[in-house]
Number of protein chains: 2
Amino acid sequence: MFAVMATAFEVLAEPVRRQILDLLRERPRSVGELTEQLGLTQPGTSKHLRVLRDAGLVRVRPEAQRRWYELCPEPLAELDAWLAPYRWMWSGRLDALERHLNTMPSGSDTSAGPAGHQQIDPESEELP
Amino acid sequence: MFAVMATAFEVLAEPVRRQILDLLRERPRSVGELTEQLGLTQPGTSKHLRVLRDAGLVRVRPEAQRRWYELCPEPLAELDAWLAPYRWMWSGRLDALERHLNTMPSGSDTSAGPAGHQQIDPESEELP
DNA sequence: CGCGAACATACCAACTCAGTAATATGCCGA
DNA sequence: TCGGCATATTACTGAGTTGGTATGTTCGCG
C-alpha cells in the first residue's frame, strides 16, 4: 500500500526532485508555480511532491485552494552524516580553510562542473 | 549502448552500494570478500561493482585472478557540492552558519561555482 | 447555486532495476 | 596440458517507478 518511507538518498536520486528542492530553497512555491518551472504536468508535480512530503523533505501549508510547499531540510542531515567520513578524502590535502572553500561555490574547479570524471584508470580492464 | 554515466545520487540510492563504499573505506577488498560481507551472490556483487566503477566511485586493481577494488571518493564531491547550500539549514549549531558567513563576506567567490547556483531560473516570477 | 481554479488521486503504459542462474574468460598449479 | 578458482557477462524474471491522461474534491467567486 503505502511505500515504506524512502531514505533521502532514494528520494534525491530523481533529478526532478533535486530541482524541486533547489527551487524551494529560494522560497516557498505553489504547485502551479513548480509545475511551470519543471515543465511537467500538474499531476506529475504533485506526485513528486508527495514523495518529498513522505520523506519529510518538504512541508505543505494550505491557503484556500493553493498549497504552499516549503523546504524541510532536516532529512538532508542523513546525507551529510553518511558523507562525513568521506569528506576528508577528497579535500584532505588542503588545509581547513581551503577545505571549507571547497565545499562552497568557488571558481577553482568549475571547469567540468561538480565532480565530473576523475583520474579513473582509463583501462582498468584487461584488453584482449 | 552504454548507459549514460549515472550521477552519484542515483548510484548511491542503493543501500548495498553505500555499504560497499563503507566497506571499501576501511581497506581495498576483493569481490569474494565483498560478496561474503554483503550476503549476495557473486554476480550480484559484480554488477553493483560495475555500476560503482562506471560512476567512478571505485577503481579496480587486478592481481592474478583476483580484483582488488578500492575506493575512489572524488565523485562524492558532487554530493557534497549539492548539499553545501543546504547545510547551514539543519545544523542548529551556529558554528556552521558562522563559518559559512565568515568565508564569503568579501564576495570574492560569489561569482559562480560548481554547486552554488543550480539551474534556478532567476526570472521565475510570473505570478499575476 | 453553479462554474472554474487549484490540487490530489486512480489508473495505465513504458521503462528501469535488482536478483539469480547459466555461461564465458583469464590465471594458476599439478 | 588440464582442472579449478576468481571474476565478468549475459539472459531472464519480477517488482518498483515515472510520466501521462482522466477523474475527483475542495474552495472562492459571480
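Quick note on labels: first sequence line is chain A, next is B, and so on, each numbered from 1. Small disclaimer: the values here were computed from a predicted structure and weren't measured.
- For Ser30(A), taking side-chain heavy atoms from C-beta onward, the closest of the listed nucleotides dC7(C), dT9(D), dG4(D) is dC7(C).
- Counting only heavy atoms from C-beta on, Gln65(A) has its side chain closest to dG28(D) among dT20(C), dA18(C), dG28(D).
- Glu10(A) approaches Ala13(B) most closely through the heavy-atom pair CG-O, 3.4 Å.
- Side-chain atoms of Arg17(B) lie closest to dA18(C) of the nucleotides dT9(C), dA18(C), dG4(D).
- When the P atom of dC7(C) is taken as reference, atom CG of Leu34(A) falls 9 Å away, rounded to whole Å.
- Listed candidates were dT9(C), dG19(D), dA6(C). Nearest to the side chain of Lys47(A) is dG19(D).
- dA15(D) atom C1' lies 14 Å from atom CD of Glu10(A), rounded to whole Å.
- Among dA8(C), dA6(D), dT9(D), the nucleotide with an atom closest to any side-chain atom of Pro43(B) is dT9(D).
- Nucleotide dT7(D) holds its P atom 13 Å from the CZ atom of Arg53(B), rounded to whole Å.
- Using a 4.5 Å cut-off between side-chain heavy atoms of Ile, Leu, Val, Met, Phe, Trp and Tyr, with links allowed through other members, Leu34(B) and Trp68(B) fall into different hydrophobic clusters.
- Proximity note for Arg50(B) (side chain, C-beta onward) versus dT9(D), dG19(D), dA6(D): the nearest is dT9(D).
- Listed pair Tyr69(B) / dA8(D) meets the phosphate criterion, a side-chain N or O lying under 4.0 Å from OP1 or OP2.
- Minimum interatomic distance between Ala55(A) and Ala6(A) (heavy atoms only, all atoms of both residues): CB-O, 4.1 Å.
- Separating the CZ atom of Phe9(B) from the C1' atom of dT17(D) is a distance of 19 Å, rounded to the nearest angstrom.
- The residues Asp22(B) and Arg17(B) are annotated as not salt-bridged, no charged nitrogen and carboxylate oxygen being separated by less than 4.0 angstrom.
- Side-chain contact of Thr45(A) with Gln42(A): a donor-acceptor pair under 3.5 Å is absent, judged by distance alone.
- Counting only heavy atoms from C-beta on, Ala64(B) has its side chain closest to dC27(C) among dC27(C), dA8(D), dA6(C).
- We find that CG of Asp54(B) is positioned 15 Å from C1' of dC17(C), with the value rounded to whole Å.
- Summarising the geometry, the separation between CD1 on Ile20(B) and P on dA18(C) is reported as 11 Å, rounded to the nearest angstrom.
- The 5' end of DNA chain C is approached more closely, in terms of each residue's nearest nucleotide, by Leu49(A) than by the other of Leu49(A) and His48(B).
- Here the P atom of nucleotide dG16(D) and the CD atom of Glu14(A) are 17 Å apart, to the nearest Å.
- Pairing each heavy atom of Leu40(A) with each of Thr35(A), the nearest pair is O-CG2, 3.1 Å.
- Remark: Thr41(A) is not in phosphate contact with dG19(D), judged by side-chain N or O atoms under 4.0 Å from OP1 or OP2.
- If you check every strand for non-hydrogen atoms under 4.0 Å, Gly44(B) touches a base.
- Between the base of dA8(C) and the side chain of Gln42(A) there is a donor-acceptor pair shorter than 3.5 Å.
- Each of Arg67(A) and Val16(A) was matched to the nucleotide of DNA chain D holding its nearest heavy atom; the match closer to the 5' end belongs to Val16(A).
- Along DNA chain C, the nucleotide nearest to Val31(A) and the one nearest to Val51(B) differ in position, and the one closer to the 5' end is contacted by Val31(A).
- Rounded to an integer number of Å, the gap from CG of Leu52(A) to P of dT17(D) is 14 Å.
- Between Ser46(A) and dC7(C), a side-chain N or O to OP1/OP2 separation shorter than 4.0 Å is absent.
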